[in-house]
Amino acid sequence: MANSEVAKWSNGGDLFLDLSPERGRGLRTRIENAIRDAIRSGRLPRDTVLPATRTLARDLGVSRGTVMQAYAQLTAEGWITGRRGSGTRVAADRTTQTAKRPGLAAGAVRWRFDLRPGRPDASSFPRADWMRAQRRALAAAPGDAFDYGRPEGMLALRLALADYLARARGLRVSADDVIVTTGFTQSLSLIARALHGNGVTSIAMEEPSMPLHRSVVKEAGVNLTMLRVDDAGAAVEQLAALPDVQAAILTPNHQHPTGAALSPTRRATLLDWARTSDGYVVEDDYDGEFRYDGEPLGPVQGLDPSRVIYAGTVSKTLAPGVRLGWLIVPEPIRDMVLRQRLLTDGHNGALEQLAFTELLRSGGYDRHIRKMRLDYRRRRNTLLGALATRLPELGVAGAAAGLNLLIPLGDAEAEERVLRAATAAGLGLGGMIEGRFYVNDPKPGILVGYAASPEHNFSQSVDALVDALTVSVR
Ligand SMILES: Cc1ncc(COP(=O)(O)O)c(C=O)c1O
């Protein structure tokens with residue numbers, strides 16, 4: 001906490017003091033020792049305003065005189081100072097050890113040029129729309145909206161989501177099928193644990209896929225089998241030869257991270273397998289809203305809602321920090337998923353559910369997606385144009401949809417060289433090997449995200465990319 005932030009609490013914030021008997025004989029001594037220790041450990045940094053003697057006495061259930069004596073002693077020793085009008089403060093940095101303060105999370109580097117894959121443009125988050133939605137929703141919410149809620153989420157949000165998903169994504173869905181979650185990662189964990197609870201022991205996933213998602217599934221106690229991926233998406237015909245597999249987790253609309261769309265033939269094969277083997281398809285529709293070229297195939301859920309568990313998220317459409325997602329779950333396993341949600345954390349927060357419901361109802365969500373689709377398409381075209389004219393020898397895959405494209409490379413050293421050159425230039429990129437997307441058969445390549453970079457330095461970011469690729473690949 002910066003000193004200026006500490007000082008804002010001019011009436012003194014709440015203060016935890018451990019007054020256990022080991023701190024000495026008598027309450028006054030214990031209070032003195034507790035405050036001394038808190039200052040020494042860095043828990044109370046310089047300028048922290050201590051509670052007024054009357055307040056602290058009330059909080060601790062002691063007489064005001066006891067607190068006044070303790071403060072007087074600490075003042076005499078130079079630990080704290082009191083001035084009329086500005087309260088009693090921690091006087092000086094008497095810290096004997098470096099306080100543990102939350103720092104930047106590991107890997108949270110600020111890139112000068114940000115072409116990291118999978119991230120939307122955070123600077124375009126619809127702040128004004130969100131604030132308006134929040135204000136309206138809060139003003140209209142009944143008191144019981146703030147009580148403990150149901151694990152499936154608020155009915156109003158599930159109704160709004162069902163309408164949106166049927167209209168905009170072609171799903172066959174009613175509000176009863178919707179479970180609100182905190183995003184795909186939680187959705188996947190709930191599903192994997194629910195399936196495991198229903199006797200599923202083996203699940204298929206795509207290779208390549210997100211290592212985090214593989215870990216989430218393994219953590220639920222099921223075995224993983226990897227499905228090959230090619231230009232027509234995951235090789236779902238492999239499922240017929242895998243009798244133990246009872247569910248398949250796929251990204252059919254834009255395979256992550258290769259960007260392939262699951263072909264109509266394979267969609268039919270997949271659903272045939274699910275019907276005949278009593279299996280489930282888990283459809284991760286993480287960036288389905290952003291398709292730029294070609295006919296949208298639409299989610300496979302629309303083809304057979306009884307065999308598909310559909311998962312959506314706002315992590316690409318709004319921002320990953322919002323932590324909001326949804327599941328459309330066939331009736332036979334719904335209770336098991338809800339049970340897992342109750343065991344995890346109960347349900348999503350009321351405030352964000354209310355605000356998102358309002359954003360959906362007001363058309364603000366649609367408007368934002370439409371705007372971002374145009375922006376991202378323009379950026380993608382700029383990127384594709386630069387690559388085609390300046391590095392025509394490089395191939396590009398997965399550019400028809402989503403927030404990133406893939407540049408396959410011939411060998412692992414080339415990927416490493418490009419990433420090293422990029423890092424030296426302050427350019428954030430993704431690597432297929434570096435990102436541990438493969439389990440058995442790694443294929444090198446560079447993942448380029450074109451959504452995260454702020455508009456004003458996008459073309460410089462593309463120049464930096466071309467430079468990193470040029471020196472390393474030629
Ligand atoms: C394949 C895939 N699915 C889903 C997500 C979104 O996950 P979440 O909703 O937990 O942010 C991501 C984000 O990186 C992703 O890469």
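Both ligands and their constituent atoms are indexed starting at 1 by order of listing.
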message: Can you tell whether the side chains of Arg172 and Asp177 come within less than 4.0 Å, N to carboxylate O?
response: no
query: Below 4.0 angstrom, N of the basic side chain to O of the carboxylate: do Asp163 and Arg167 qualify?
result: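 So Asp163 does not pair with Arg167 through a salt bridge.
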- request: Check whether any side-chain heavy atom of Leu318 sits under 4.5 Å from a side-chain heavy atom of Tyr365, and report yes or no.
  value: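 Yes - at least one pair of side-chain heavy atoms lies under 4.5 Å apart.
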query: Side chains of Met226 and Asn440: does their closest heavy-atom pair fall under 4.5 Å?
result: yes
message: Both conditions, 6.0 Å and 45 degrees, for the charged tip of Arg307 above the ring of Tyr280: are they met here?
response: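 Cation-pi check for Arg307 and Tyr280: passes.
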- prompt: Can you say whether the rings of Trp130 and Phe125 are parallel (under 30°), tilted (30 to 60°) or perpendicular (over 60°)?
  reply: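 Rings of Trp130 and Phe125: tilted, as their planes differ by 30° to 60°.
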- request: Would you check ligand 1 and list the protein residues that come within less than 4.0 Å of it by any heavy atom, ordered by chain and number?
  value: Gly183, Phe184, Thr185, Met210, His213, His256, Asp284, Tyr286, Thr313, Ser315, Lys316, Arg323
